[in-house]
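Here's the structure, in structure tokens; my notes come after.
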2 protein chains.
Amino acid sequence: MRNDPPRVQPLDYPSAMEDLDRRLVGLLLADGRMSYTDLGKATGLSTSAVHQRVRRLEERGVVTGYTAQVSPDALGLPLTALISVAPFDPSAPDDVPDRLRHITEIEDCHSVAGVESYILKVRVSTPGDLEDLLARIRSAANVSTRTTVVLSTPWEGRSASAAAGEVS
Amino acid sequence: MRNDPPRVQPLDYPSAMEDLDRRLVGLLLADGRMSYTDLGKATGLSTSAVHQRVRRLEERGVVTGYTAQVSPDALGLPLTALISVAPFDPSAPDDVPDRLRHITEIEDCHSVAGVESYILKVRVSTPGDLEDLLARIRSAANVSTRTTVVLSTPWEGRSASAAAGEVS
DNA sequence: ACTGAAAATCCCTTAAG
DNA sequence: CTTAAGGGATTTTCAGT
């Protein structure tokens with residue numbers, strides 16, 4: 001694989017997180033409504049200890065919130081696409097995200113290193129809606145677009161962090 | 001924008017979802033730990049009614065679960081990349097997702113229409129880890145890769161569905 | 001389908017060791 | 001971090017409309 005040069009510091013990056021914290025995060029990723037009591041049973045900790053740790057995780061910004069997982073299909077948004085955008089005028093100040101933020105069909109907005117400046121993930125109902133959306137994006141941000149249609153999604157949102165909470 | 005031909009059926013697609021359901025989904029997207037009591041207060045429904053509707057939303061597969069939102073940065077995974085993969089041998093049966101599923105760094109896996117077959121979203125700690133990951137992906141699935149590094153993410157996971165739950 | 005209330009349960013919080 | 005316990009809130013059910 002890779003020829004590891006010796007590291008100056010044998011540290012793991014910011015990730016100074018204990019094993020218990022990782023387990024808790026993993027459990028909350030799997031079920032964000034789990035009670036502190038149940039989290040305690042699953043980790044062997046007392047309810048109070050879990051409460052403390054989860055609160056700290058929230059304060060440290062490791063856990064930023066909780067949300068329902070919703071099926072776009074069931075919501076009538078069966079068409080997903082990835083859109084690369086490039087500004088028509090590269091000399092203009094780059095406020096593309098600000099100009100696009102109000103467009104709710106855009107689920108993700110990444111600034112990327114490459115020929116194009118941003119990659120968006122969008123969800124719509126029909127090809128016609130996609131056509132409309134592209135027009136809105138182009139005119140709102142003065143960009144050209146290159147669209148890749150998603151055919152299917154074997155998996156999504158699997159939070160790499162979940163590996164941290166795996167049962168060993 | 002687009003020249004709408006008259007629709008054969010003036011239906012809204014599968015989305016036969018009432019306004020109340022949309023509001024509930026929106027609220028649960030914003031706070032997945034909200035209690036039925038509070039959901040009731042927010043929608044003007046009784047606790048029981050909320051309970052019924054949320055249960056039905058879960059049964060219908062609209063709400064598929066609940067999860068904590070976790071900051072990859074805080075977890076020590078500050079480097080995100082999008083990887084397009086294309087099979088070396090296009091005649092071989094396409095079991096790329098199965099071959100990649102065990103690689104936990106891969107958060108999303110989309111099958112796409114385009115020159116390349118799949119687009120992956122991955123998270124790692126360092127460029128070195130990305131290098132390793134790419135090698136593992138290539139050898140596990142016998143594919144070539146094209147990697148786009150994410151510089152920053154103005155927003156992510158904004159669930160287009162949230163628009164449904166907006167305050168009018 | 002929603003309301004309202006009652007019952008049972010569970011949860012959070014605090015305190016003390 | 002644990003145990004213990006109080007008080008409170010929440011889930012869940014059920015009958016009624």
Side-chain angles (χ1 to χ4, degrees), chain A residues 12 14-71 74-76 161-162 164-168, chain B residues 11-71 74-76 161-162 164-168:
Chain A
D12 236 0
S15 95
M17 234 185 31
E18 296 180 34
D19 208 55
L20 275 171
D21 284 333
R22 294 187 183 281
R23 301 246 313 269
L24 288 173
V25 168
L27 289 163
L28 284 173
L29 282 170
D31 179 3
R33 292 198 71 132
M34 222 170 157
S35 69
Y36 297 135
T37 310
D38 287 344
L39 288 170
K41 285 177 191 161
T43 53
L45 254 60
S46 70
T47 307
S48 321
V50 170
H51 195 236
Q52 265 182 63
R53 291 184 103 99
V54 172
R55 183 184 296 280
R56 261 203 302 272
L57 287 168
E58 289 168 357
E59 282 167 359
R60 276 170 47 205
V62 177
V63 171
T64 61
Y66 303 88
T67 186
Q69 293 167 310
V70 171
S71 154
L75 263 181
S161 1
E166 266 166 12
V167 256
S168 48
Chain B
L11 288 178
D12 235 2
Y13 230 71
S15 94
M17 235 186 30
E18 298 179 32
D19 207 56
L20 275 171
D21 284 333
R22 294 188 183 281
R23 300 249 308 272
L24 288 173
V25 168
L27 289 163
L28 284 173
L29 281 170
D31 179 3
R33 293 198 71 134
M34 221 169 157
S35 71
Y36 297 134
T37 311
D38 287 344
L39 289 169
K41 285 177 192 160
T43 54
L45 254 58
S46 70
T47 307
S48 322
V50 170
H51 196 236
Q52 270 182 62
R53 293 187 101 101
V54 172
R55 183 187 295 280
R56 261 203 302 276
L57 286 168
E58 289 168 358
E59 282 167 358
R60 274 202 278 148
V62 178
V63 171
T64 61
Y66 302 88
T67 186
Q69 292 168 309
V70 170
S71 154
L75 263 180
S161 3
E166 265 168 13
V167 256
S168 51

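None of these values were measured; they are calculated from a predicted model. Naming convention: chains lettered A, B, ... in sequence-line order (proteins, then strands); numbering from 1 in each chain.
- Between B:Asp21 atom CG and C:dA1 atom P the separation is 10 Å, expressed in whole Å.
- For the pair A:Gln52 and A:Arg33, nearest-nucleotide mapping onto DNA chain D gives the more 5' position to A:Gln52.
- Put simply, A:Thr37 has a side-chain N or O that comes within less than 4.0 Å of OP1 or OP2 on C:dC11.
- Here the shortest heavy-atom pairing between B:Ser71 and A:Gly61 reads CB-O, 3.3 Å.
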B:Leu57/A:Val70 under side chain to side chain contact (heavy atoms under 4.5 Å, CB included): CA gap, chis, key distance, verdict: CA-CA 9 Å; B:Leu57 286 168; A:Val70 171; over 6 Å; no
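- Following rounding to the nearest Å, A:Tyr36 (OH) and C:dC11 (C1') show an atom-to-atom distance of 10 Å.
- Across B:Glu58 and B:Tyr66, no two heavy atoms sit closer than the pair OE2-OH, 2.7 Å.
- The distance from atom CG of B:Leu20 to atom P of C:dA1 is 12 Å, rounded to the nearest whole Å.
- Spacing between atom CG of B:Leu45 and atom P of D:dT12 amounts to 17 Å, rounded to whole angstrom units.
- Between D:dG7 and C:dG17, the two C1' atoms lie 22 Å apart (nearest whole Å).
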Report each atom pair, protein N/O against N/O of nucleotides 13-17 of chain D, whose distance is under 3.5 angstrom.
residue	atom	partner	partner atom	Å
D:dT13	O4	B:Ser48	OG	3.3

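- For the pair B:Thr67 (side chain) and A:Gly32 (backbone), a donor-acceptor distance under 3.5 Å is absent.
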Pairing pattern in dot-bracket form [Watson-Crick, G-U; both distances under 3.5 Å; | = partner strand] for DNA chain D: |||||.||||.||||||
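- Judged purely by atom type and a 3.5 angstrom limit, A:Arg33 uses its side chain to pair as donor or acceptor with the backbone of B:Met34.
- Rounding to whole angstrom units, CD of residue B:Glu58 and C1' of D:dT11 are separated by 13 Å.
- To the nearest 0.5 Å, the span separating CG on B:Leu27 from CG on B:Asp31 amounts to 9.0 Å.
- The backbone N or O of A:Ala42 sits less than 3.5 Å from a side-chain atom of A:Arg23, completing a donor-acceptor pair.
- In this entry the distance linking CG of B:Asp38 with C1' of C:dC11 reads 14 Å, nearest Å.
- In the set C:dC11, D:dT11, C:dA1, D:dT11 carries the atom at the smallest distance from any side-chain atom of B:Ser35.
- Summarising the geometry, the separation between CE on A:Met34 and C1' on D:dT11 is reported as 17 Å, rounded to the nearest angstrom.
- We find the CZ-CG distance between A:Arg22 and B:Leu75 to be 6.5 Å, quoted to the nearest 0.5 Å.
- To the nearest angstrom, P of C:dG4 lies 14 Å from NZ of B:Lys41.
- Judged by distance alone, with hydrogens and angles left aside, the side-chain atoms of A:Thr47 form no donor-acceptor pair with the main-chain N or O of A:Thr37 at under 3.5 Å.
- Counting any heavy atom pair closer than 4.0 Å across all strands shown, B:Gly40 reaches no nucleic acid atom.
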